[in-house]
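Since the structure comes first, as structure tokens, the remarks are kept for the end.
Whatever order the structure lists them in is the order used to number ligands and atoms, beginning at 1. Every heavy atom of this structure was used, including side-chain atoms; hydrogens, water molecules and symmetry mates were not. Note that this is a predicted model, so its numbers are computed, not measured.
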Amino acid sequence: MSSKRVYIKTYGCQMNVYDSARMADSLAPLGYSQCESAEGADLILLNTCHIREKASEKVFSELGRLRALQNAAAEEGRRLLIGVAGCVAQAEGEEIVRRAPQVDLVVGPQTYHRLPGLVTRALAGEDRKALVDTEFPTESKFDFLPEESASPGAAAFLSVQEGCDKFCAFCVVPYTRGAEVSRPVVDILAEAERLVKAGVIEITLLGQNVNAYHGEGPDGREWGLGRLLRRLAEFEGLERLRYTTSHPRDVDAELIAAHRDEAKLMPFLHLPVQSGSDRILDAMNRRHDAAFYHRVVEQLREARPDLALSSDFIVGFPGESDRDFGDTLRLVTEVGYAQAYSFKYSARPGTPAAGAAQSVPEAVKSERLAMLQQLLNEQQQAFNRKSVGQRVPVLLERAAKHPGQLVGRSPWMQSVVVEAPARLLGHLVDVDVLEAHPNSLIGRVVTLSEGNDMNVVEPPQSAAGAATRAMA
Ligand code: SAH
Ligand code: SF4
Ligand code: F3S
């Protein structure tokens with residue numbers, strides 16, 4: 001088997017990050033190893049996002065750049081294959097092959113277990129038009145993918161649910177990812193066990209609508225997300241659990257109870273609300289009003305008083321008046337967020353809202369976005385400032401920009417930068433927070449010399465004590 005290189009460029013959400021890793025796994029049996037840049041690759045895959053117009057346009061400009069690379073490879077007598085995967089692949093399908101002659105194959109989010117076959121057929125010279133696979137197959141790709149091969153690091157994603165049946169009026173996801181499907185509990189537990197054995201300390205369960213999870217349990221009954229989280233919390237060595245993205249409508253009593261009872265379930269929740277106006281929430285088909293969202297937040301905070309929240313917002317949805325936007329600002333003020341994402345509404349072809357009248361002028365959207373972001377930034381900074389002087393557990397995940405520094409996450413998803421030797425990577429350490437910046441915290445690892453011998457939680461299979469001694 002010859003050795004070849006695949007470069008995968010990932011756009012969009014965490015689900016795509018997870019899928020990219022699994023696509024790499026699926027190609028390993030063909031002799032492909034993953035490389036970090038497009039130069040010198042034998043296969044380039046763009047794992048794309050269709051959520052807003054800008055996101056999908058990026059793909060076509062990137063394809064333009066890749067064409068030059070493909071031509072240069074051809075001049076050297078090498079064949080460079082280019083594939084488009086993900087949500088743009090699903091939405092545009094054959095149109096991509098028509099528009100972009102450099103694309104050799106197109107594969108959707110539910111068919112990427114067939115990627116090795118497509119690559120083999122492309123190399124054998126099959127016509128590109130036959131190499132578009134955007135079916136929603138009856139089989140589950142998870143039953144055909146090989147086990148994860150790459151080393152996962154300290155924090156890993158695990159897909160438990162895919163697709164969406166909610167059909168919010170603005171959103172392409174139900175069309176690009178298809179109907180909601182939950183993976184069986186035993187499959188998830190097996191994957192989690194492999195991750196923990198490989199040294200993973202934190203698992204984030206993924207789904208477009210993760211708390212709509214209702215997979216088949218080992219008892220033959222349906223398990224909800226709360227039950228699944230409780231089971232995962234029993235894993236020794238696994239110290240942190242998170243899940244994303246959740247829908248307010250699917251926060252049930254079991255999930256709230258898990259937040260109350262499971263210390264491993266981190267006190268941070270991304271719970272998108274999109275708007276604070278009942279009129280707009282209704283037009284968006286979100287299926288709840290602002291009062292309902294407040295009640296859900298209240299129940300969660302009762303269960304877990306230190307819970308921090310994050311959200312997504314859309315400004316300038318068709319028909320959004322100044323008053324509606326004012327309701328959004330009010331909701332933000334009332335709830336109080338630790339962080340949030342906000343976007344200008346982007347009309348997406350094929351979605352119910354795309355043809356709506358009463359579109360909001362671009363300038364008004366920009367103005368509202370700036371106002372909302374200012375408020376959200378103030379809240380984020382206030383939240384970060386409250387951490388100064390606190391001692392927080394941080395999972396050190398990667399090297400920081402400056403040599404000698406590592407970055408990790410607090411339980412509340414804040415990035416925390418510390419001076420620490422590289423051997424502390426993958427460890428959970430106690431950190432005294434010294435400074436708060438808009439997007440990160442600066443801290444100092446609590447050392448043994450201060451009499452704290454609990455500050456490093458060893459991942460399994462590591463040289464026990466080495467890191468703690470080194471810090472003393
Ligand atoms: N499943 C998640 C969201 C997935 S999409 C949920 O239900 O909340 C991520 C975010 O992109 C959404 O929360 C929304 O804020 C934003 N988004 C989706 N479609 C959009 C559009 N057409 N224009 C602008 N923002 C959009
Ligand atoms: Fe899109 Fe709404 Fe489904 Fe979220 S719940 S993925 S916003 S349709
Ligand atoms: Fe984008 Fe698809 Fe994720 S549209 S946000 S990559 S589900």
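Ring planes of F317 and Y345: perpendicular class, angle over 60° (limits at 30 and 60°).
Contact of the F292 side chain with the R287 side chain is not registered, since no non-hydrogen atoms from C-beta on lie closer than 4.5 Å. For the pair R348 and E53, the minimum side-chain heavy-atom distance is below 4.5 Å.
Between D143 and R183 there is no salt bridge, since none of the side-chain N atoms of the basic residue sits less than 4.0 Å from a carboxylate O of the acidic one. Between D322 and R368 there is a salt bridge, since at least one side-chain N of the basic residue sits less than 4.0 Å from a carboxylate O of the acidic one. Between D327 and R330 there is a salt bridge, since a side-chain N of the basic residue sits under 4.0 Å from a carboxylate O of the acidic one. A salt bridge links R98 with E95: the closest approach of a Lys/Arg side-chain nitrogen to an acidic carboxylate oxygen falls below 4.0 angstrom.
If you number the atoms of ligand 2 from 1 as listed, the ones under 4.0 Å from a heavy atom of P174 come out as 8 (S). Close approach to F170 involves these atoms of ligand 2, each under 4.0 Å from a residue heavy atom: 7 (S). Each of the atoms 5 (S) of ligand 2 lies under 4.0 Å from some heavy atom of H247. Against a heavy-atom cut-off of under 4.0 Å, K166 is close to the following atoms of ligand 2: 3 (Fe), 5 (S).
Here the protein heavy atom with the shortest distance to atom 3 (Fe) of ligand 3 is C13 SG, 2.3 Å. For atom 1 (Fe) of ligand 3, the nearest non-hydrogen atom of the protein is C49 SG, 2.3 Å. Annotation: atom 2 (Fe) of ligand 2 to nearest protein heavy atom, C168 SG, 2.2 Å. Among protein heavy atoms, the minimum distance from atom 1 (Fe) of ligand 2 is reached at C171 SG, 2.3 Å. Looking from atom 4 (S) of ligand 3 to the surrounding protein, the closest heavy atom is H50 N, 3.3 Å. Looking only at protein heavy atoms, the nearest one to atom 7 (S) of ligand 3 is Q208 NE2, 3.2 Å. Of all protein heavy atoms, the one lying nearest to atom 6 (S) of ligand 3 is N16 ND2, 3.3 Å. The nearest heavy-atom contact from the protein to atom 3 (Fe) of ligand 2 is C164 SG, 2.2 Å. Closest protein heavy atom to atom 2 (Fe) of ligand 3: C87 SG, 2.2 Å.
Side-chain contact, Q379 with Q339: no donor N or O sits under 3.5 Å from an acceptor N or O.
If you look at M15 next to ligand 3, there are no close heavy atoms at all, none under 4.0 Å. At a heavy-atom cutoff of 4.0 Å, ligand 2 is contacted by the backbone of F167 but not by its side chain. With a 4.0 Å heavy-atom cut-off, ligand 2 is reached by the side chain of N209 but not by its N, CA, C or O.
Ordered by chain and residue number, the residues placing a heavy atom less than 4.0 Å from ligand 1 are I51, R52, F170, Q208, T245, P272, Q274, R286, D312, I314, F343, K344, Y345, S346, R348.
Checking side-chain atoms of Q102 against main-chain N and O of L63 turns up a donor-acceptor pair under 3.5 Å. The closest donor-acceptor contact from the side chain of D42 to the backbone of R5 lies under 3.5 Å. For the pair D324 (side chain) and S277 (backbone), a donor-acceptor distance under 3.5 Å is absent. Between the side chain of R230 and the backbone N or O of D261, no donor-acceptor pair lies under 3.5 Å. S342 places no side-chain N or O within donor-acceptor distance of the main-chain N or O of F313, the cut-off being under 3.5 Å.
With a 6.0 Å radius and a threshold of 12 heavy atoms from other residues, nucleotides or ligands, M413 has its CE atom above the threshold.
Of the listed options V173, T351, D250, V173 places a heavy atom closest to atom 6 (S) of ligand 2.
The shortest separation from a heavy atom of R286 to ligand 2 is under 4.0 Å, placing the residue in contact.
Put simply, the residue from Q110, R114, Q90 that forms a side chain to side chain donor-acceptor pair (under 3.5 Å) with E135 is R114.
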